[in-house]
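Index from 1, following the sequence. No hydrogens, no waters, no symmetry mates; every other heavy atom, side chains included, goes into these values.
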Amino acid sequence: MKNILCLPGDGIGIEVMAEARRVGDWFVKNRGLGMRFEEGLVGGSSYDVHATPLTDQTMQRAMDADAVLLGAVGGTKWDNLDFKVKPERGLLRLRKDMDLFANLRPAFVYPALAEASTLKLDVVSGLDILIVRELTGGVYFGEPRGISDIGNGQRRGINTQVYTTAEIHRVGRVAFDIARKRNNRLCSVEKANVMESGLLWREEITKLHKAEFADVELSHMYADNCAMQLVRNPKQFDVIVTDNLFGDLLSDAAAMLTGSLGMLPSASLGATDKNGKRRALYEPVHGSAPDIAGKGVANPLATILSFGMMLRYSFGWSDDADMLEKAVGNVLESGVRTRDIQQAGKKLVSTKEMGEAVMNELERLAAMAPRRERSGA
Ligand code: NAD
């Protein structure tokens with residue numbers, strides 16, 4: 001039995017989580033998946049009750065869970081709180097204490113939405129890439145850091161880009177593993193031409209490839225070229241692995257190839273413990289959207305697709321993940337749209353109606369695909 005901790009959070013997080021939960025319940029009831037869902041508070045909703053955006057008890061429940069599904073945190077109501085208790089601190093603590101070092105961001109263009117991209121149809125149509133970003137190291141965490149006075153009215157700001165062999169290998173392993181399950185191609189991205197840490201990254205990824213993943217096709221690319229290639233010909237990539245800073249920029253650029261924030265799922269994976277369990281947090285890329293919260297118009301698909309990533313990456317239930325992604329694709333193909341992805345002549349629906357449309361499509365697909373015995377991964 002897989003224990004899943006759901007943390008809806010704030011704003012539209014609560015609305016989109018409700019739909020993901022209904023989809024989760026559907027899989028339990030109709031596909032025999034052994035999952036148990038629990039709920040907890042995070043962000044502003046936790047602050048309102050406990051005066052902290054994440055209690056120690058909820059943190060422990062996240063550590064003990066087989067996977068965590070999060071909505072979104074934040075909102076204008078909590079904007080003036082002290083930095084230490086802001087809603088976002090709850091999310092940052094989850095990521096830090098769970099040691100989530102690999103951030104997976106797929107950029108997938110559903111044919112029905114290809115026209116929503118700012119790029120030409122033939123450049124993005126059929127796009128299916130995945131960026132693995134190192135999340136806990138590099139220049140955002142390296143020491144020394146800070147701002148100091150250097151006299152004569154001058155100041156100096158310092159951040160340090162630093163990576164060790166172990167940090168590169170653990171994120172590299174996640175990326176090679178995923179490439180094996182996709183189209184078997186991995187592109188490693190750094191700036192080995194001008195940065196020693198980049199050179200180390202390239203050498204260590206190459207060593208890891210030789211030692212453990214020689215069957216995967218590996219290429220290397222400088223980060224500036226990768227940014228260019230992502231908008232020139234994104235379909236050349238399968239899986240990209242890169243550091244924290246470059247991954248921050250490249251994953252946002254790749255995400256926007258696909259159109260709307262409301263469609264983008266993500267996963268963050270941590271280390272595997274002695275029982276073989278890997279800590280993992282799944283969440284939509286978007287925030288709590290205070291401008292539309294409570295109106296029932298948010299797109300729940302990013303959260304539903306994040307749940308799909310959980311089925312695939314935490315539990316190894318790929319058939320069910322495929323089925324869910326297919327259901328979402330078919331719903332879009334049928335012309336059903338929330339406001340953020342609305343196009344002329346399509347059927348505008350609420351958050352709840354979008355969730356229902358996905359479940360109706362799952363019912364239809366399930367009638368065609370017989371259930372079979374499965375084992376967890
Ligand atoms: P946002 O992602 O919440 O919203 C940006 C825009 O996209 C808004 O116009 C919003 O209406 C729209 N949007 C976002 N998700 C949508 C969805 N599912 N369906 C339809 N439209 C959607 O970003 P923001 O406005 O910069 O931030 C709002 C709050 O969310 C802030 O408090 C911020 O700190 C927080 N935030 C949280 C997370 C997180 O929890 N991971 C991420 C980003 C921002």
Exercise. Does some side-chain heavy atom of R312 sit less than 4.5 Å from a side-chain heavy atom of D322?
Worked result: yes
Exercise. Would you say T160's side chain and P144's backbone share a donor-acceptor pair under 3.5 angstrom?
Worked result: yes
Exercise. Is there a side-chain contact between E39 and R21 (heavy atoms, below 4.5 Å)?
Worked result: yes
Exercise. Is a side-chain donor or acceptor of R182 paired with a backbone partner of D128 at a separation under 3.5 angstrom?
Worked result: yes
For this session: Establish, from distance only, whether the side-chain atoms of Q60 and D64 form a donor-acceptor pair under 3.5 Å.
Result: yes
Problem set entry | Hydrophobic cluster membership, I14 vs I12, 4.5 Å side-chain cutoff | no
Seminar exercise, completed: When every non-hydrogen atom of S125 is compared with those of K235, the smallest separation belongs to O-NZ, 2.7 Å
Problem set entry | R22 and E356 ion-paired at < 4.0 Å | yes
For this session: In plain terms, say whether R155 and D149 are close enough for a salt bridge, that is, a side-chain N and a carboxylate O under 4.0 Å apart.
Result: no
Exercise. With a 3.5 Å cut-off and no angle check, do the side chains of N233 and Q229 form a donor-acceptor pair?
Worked result: no
For this session: Answer with yes or no whether the side chains of E361 and N330 bring together a donor and an acceptor at under 3.5 Å.
Result: yes
For this session: Cation-pi check, R170 to F101: give yes when NZ or CZ is under 6.0 Å from the six-membered ring centre and within 45° of the ring axis, no otherwise.
Result: yes
Exercise. Do L69 and S306 have side chains that get closer than 4.5 Å, going by heavy atoms?
Worked result: yes
Problem set entry | Remaining members of hydrophobic cluster (4.5 Å side-chain criterion), V42 | L5, L7, L54, M59, M63, V68, L70, V73, L91, L94, M98, L100, L281
Exercise. Quick one: do M310 and F108 end up in the same hydrophobic cluster if we chain Ile, Leu, Val, Met, Phe, Trp and Tyr together by side-chain heavy atoms under 4.5 Å apart?
Worked result: yes
Exercise. Heavy-atom distance under 4.5 Å between the side chains of F27 and W317, does that happen here?
Worked result: no
Exercise. Do side-chain atoms of S266 reach the backbone of R105 as a donor and acceptor pair under 3.5 angstrom?
Worked result: no
Problem set entry | Residues R133 and D243 bridged, charged N to O under 4.0 Å | no
For this session: Would you sort out whether M35 and L311 count as a side chain to side chain contact (heavy atoms under 4.5 Å, CB included), showing the intermediate values?
Result: CA-CA 10 Å; M35 295 184 286; L311 298 181; 4.0 Å; yes
Problem set entry | Check ion pair R93-D56 (N to O, under 4.0 angstrom) | yes
Problem set entry | Step-by-step side chain to side chain contact (heavy atoms under 4.5 Å, CB included) determination, L269 to R279 | CA-CA 6 Å; L269 308 181; R279 295 215 168 92; over 6 Å; no
For this session: May I ask you to decide whether R180 forms a salt bridge with D215, counting only side-chain N to carboxylate O separations under 4.0 Å?
Result: yes
Problem set entry | Derivation of the side chain to side chain donor-acceptor pair (under 3.5 Å) call for Y282 and S314 | CA-CA 10 Å; Y282 298 84; S314 276; 2.7 Å; yes
Exercise. Does a salt bridge link D48 with K77, judged by any charged N lying under 4.0 Å from a carboxylate O?
Worked result: yes
For this session: Treat each ILVMFWY residue as a node, draw an edge where side-chain heavy atoms are under 4.5 Å apart, and state whether Y163 and I131 are in one component.
Result: no
Exercise. For M263, which of V109, V285, L332 qualifies under side-chain contact (heavy atoms from CB on, under 4.5 Å)?
Worked result: L332
Exercise. Are a donor atom and an acceptor atom from the side chains of E115 and S117 found within less than 3.5 Å of each other?
Worked result: no
Exercise. Would you say the side chains of S288 and D10 form a donor-acceptor pair under 3.5 Å?
Worked result: no
Problem set entry | Any E212 side-chain heavy atom under 4.5 Å of H169 side chain | no
Exercise. Charged N to carboxylate O below 4.0 Å: is that the case for E15 and K295?
Worked result: no
Problem set entry | Common cluster, L249/L261, ILVMFWY with side-chain heavy-atom separation under 4.5 Å | no
Exercise. Are N183 and E217 side-chain neighbours, meaning at least one heavy-atom pair lies under 4.5 Å?
Worked result: no
Problem set entry | Short side-chain donor-acceptor distance under 3.5 Å, E134 and N103 | no
For this session: Check whether the ring centres of W78 and Y47 lie less than 6.0 Å apart, and answer yes or no.
Result: no
Exercise. So, the side chain of S45 versus the backbone of L41: is there a donor-acceptor pair under 3.5 Å, distance only?
Worked result: no
Exercise. Between Y110 and E333, does any side-chain donor sit less than 3.5 Å from a side-chain acceptor?
Worked result: no
For this session: Would you please say whether a donor-acceptor pair under 3.5 Å links the side chains of N159 and Y140?
Result: no
Exercise. For T58 and T55, does a side-chain donor sit closer than 3.5 Å to a side-chain acceptor?
Worked result: yes
Exercise. Do W26 and R31 come close enough that some side-chain heavy atom pair is under 4.5 Å?
Worked result: yes
For this session: State yes or no: do I304 and I4 share one hydrophobic cluster built from I, L, V, M, F, W and Y residues joined by side-chain heavy-atom distances below 4.5 Å, directly or via other members?
Result: yes
For this session: With the side chain counted from C-beta on, respond yes when E190 and M195 share a heavy-atom pair under 4.5 Å apart, and no when they do not.
Result: no
For this session: May I ask you to say whether K84 pairs ionically with D82, meaning some side-chain N is under 4.0 Å from a carboxylate O?
Result: yes
